[in-house]
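Remember, predicted model here, so these are calculated numbers, not experimental data. As a basis for the values below, the full set of heavy atoms in this structure was taken, side chains included, without hydrogen atoms, waters or symmetry mates.
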Amino acid sequence: MPAIYISKLNNEVKKNIRNRKYSLEEVEHIKANISQTINMRKKSIPKIIAIFVGVIFTILILGIIKAGIDKVMIFSVLTTIPIVVIIMGFIWFSGIGILKIEYNMAVRKGYPEYVDRLLL
């Protein structure tokens with residue numbers, strides 16, 4: 001059965017950051033790794049958007065060729081666009097947002113005096 005992948009911070013790393021078991025340099029290294037991961041995923045977002053736009057445009061053109069422009073076609077396009085926007089938001093949140101939120105929460109709890117330096 002297919003599953004939805006949600007990117008999360010490793011539980012042990014999160015616990016160790018909260019409990020201040022890492023030195024400041026180690027936390028900065030963890031931040032750099034997470035930041036690199038986030039930047040790589042951000043670079044792929046335009047490709048995902050292009051694929052979605054291409055698919056919607058293809059469906060639209062094929063629908064117009066087959067049925068012509070009518071109220072049903074306009075309704076289907078206007079309902080598809082918000083669905084795609086919601087899916088894109090979910091993709092961003094599951095791939096980037098949760099990871100960033102978990103790291104920032106752990107830093108705020110474990111290293112409150114270095115929040116300005118360590119937050120993503």
Side-chain angles (χ1 to χ4, degrees):
M1 181 169 163
I4 296 173
Y5 177 73
I6 297 176
S7 181
K8 292 186 172 187
L9 188 61
N10 182 308
N11 286 332
E12 185 177 332
V13 171
K14 186 172 27 175
K15 186 173 111 178
N16 288 341
I17 291 173
R18 284 183 185 159
N19 295 332
R20 296 183 68 108
K21 293 195 177 181
Y22 295 129
S23 68
L24 189 59
E25 291 79 24
E26 289 173 319
V27 177
E28 286 177 335
H29 183 70
I30 292 168
K31 176 189 174 187
N33 287 340
I34 293 172
S35 183
Q36 182 180 13
T37 300
I38 289 172
N39 288 336
M40 285 181 2
R41 291 180 183 170
K42 282 182 181 179
K43 287 180 185 176
S44 67
I45 288 176
K47 294 175 188 171
I48 295 169
I49 291 172
I51 290 169
F52 270 128
V53 168
V55 168
I56 289 173
F57 186 71
T58 303
I59 291 171
L60 177 65
I61 295 299
L62 292 174
I64 290 172
I65 291 171
K66 181 74 175 173
I69 297 176
D70 61 353
K71 290 180 181 179
V72 173
M73 178 58 68
I74 293 170
F75 176 76
S76 65
V77 169
L78 292 177
T79 55
T80 303
I81 291 171
I83 292 170
V84 169
V85 170
I86 290 169
I87 291 170
M88 291 301 298
F90 179 75
I91 289 171
W92 180 88
F93 188 72
S94 65
I96 297 172
I98 293 175
L99 181 64
K100 197 172 179 178
I101 290 168
E102 286 185 338
Y103 170 79
N104 286 340
M105 286 175 57
V107 166
R108 281 190 182 105
K109 185 171 182 180
Y111 299 86
E113 65 276 9
Y114 297 110
V115 166
D116 294 337
R117 186 173 170 183
L118 296 175
L119 286 184
L120 289 172

Using side-chain heavy atoms (C-beta onward) and a distance below 4.5 Å, is Lys109 in contact with Ile17? no
When rounded to the nearest 0.5 Å, the distance separating CG of Asn39 from OG of Ser35 is 4.5 Å
More than 12 heavy atoms from other groups under 6.0 Å of CD on Glu12: no
Over all heavy atoms of both residues, which pair between Leu118 and Lys31 is shortest? Give the atoms and the distance, please. O-CD, 3.3 Å
If hydrophobic clusters are built from ILVMFWY residues whose side chains come within less than 4.5 Å, do Ile65 and Phe57 share one? yes
Of all heavy-atom pairs between Ser76 and Thr79, which one has the smallest distance, and what is that distance? O-OG1, 3.1 Å
Measure the shortest side-chain to side-chain distance between Glu26 and Asn16 over non-hydrogen atoms and say whether it is less than 4.5 angstrom. no
Can you name the nearest heavy-atom pair linking Ser7 to Gly95, along with the distance? CB-O, 3.7 Å
Is there a chain of hydrophobic side chains (I, L, V, M, F, W, Y, each step under 4.5 Å between heavy atoms) that links Ile59 to Val85? no
If I take atom CG from residue Asn33 and atom CD1 from residue Ile30, how far apart are they, to the nearest 0.5 angstrom? 8.0 Å
Mind checking whether Glu28 and Arg117 have side chains closer than 4.5 Å, heavy atoms only? yes
Are the side chain of Arg41 and the backbone N or O of Ile96 linked by a donor-acceptor pair below 3.5 Å? no
Can you tell me how far apart CD1 (Ile34) and NE2 (His29) are? Round to the nearest 0.5 Å. 10.5 Å
State, yes or no, whether a side-chain contact exists between Ile87 and Phe52 at a heavy-atom distance under 4.5 Å. yes
Please give me the minimum heavy-atom distance between Leu9 and Tyr103, naming the atom from each residue. CD2-CA, 3.8 Å
Flag side-chain contact, heavy atom, 4.5 Å: Ile48 against Trp92: no
Taking the side chain as C-beta and beyond, is there a heavy-atom pair between Asn11 and Lys15 under 4.5 Å? no
Same cluster for Ile81 and Val55 if Ile/Leu/Val/Met/Phe/Trp/Tyr side chains link at under 4.5 Å? no
Atom CD1 in Ile51, atom CD1 in Ile56: separation rounded to 0.5 Å? 12.0 Å
Hey, any chance Ile83 and Ile49 share a hydrophobic cluster, counting ILVMFWY side chains that come within less than 4.5 Å of each other, even indirectly? yes
Given 3.5 Å as the limit, does a donor-acceptor pair link the side chain of Arg20 with the main chain of Gly110, or not? yes
Can you confirm whether more than 12 heavy atoms, excluding those of Met88, are under 6.0 Å from its CE atom? yes
Following the transitive rule for hydrophobic clusters with a side-chain heavy-atom cut-off under 4.5 Å over Ile, Leu, Val, Met, Phe, Trp and Tyr, establish whether Leu78 and Leu60 coincide in one cluster. yes
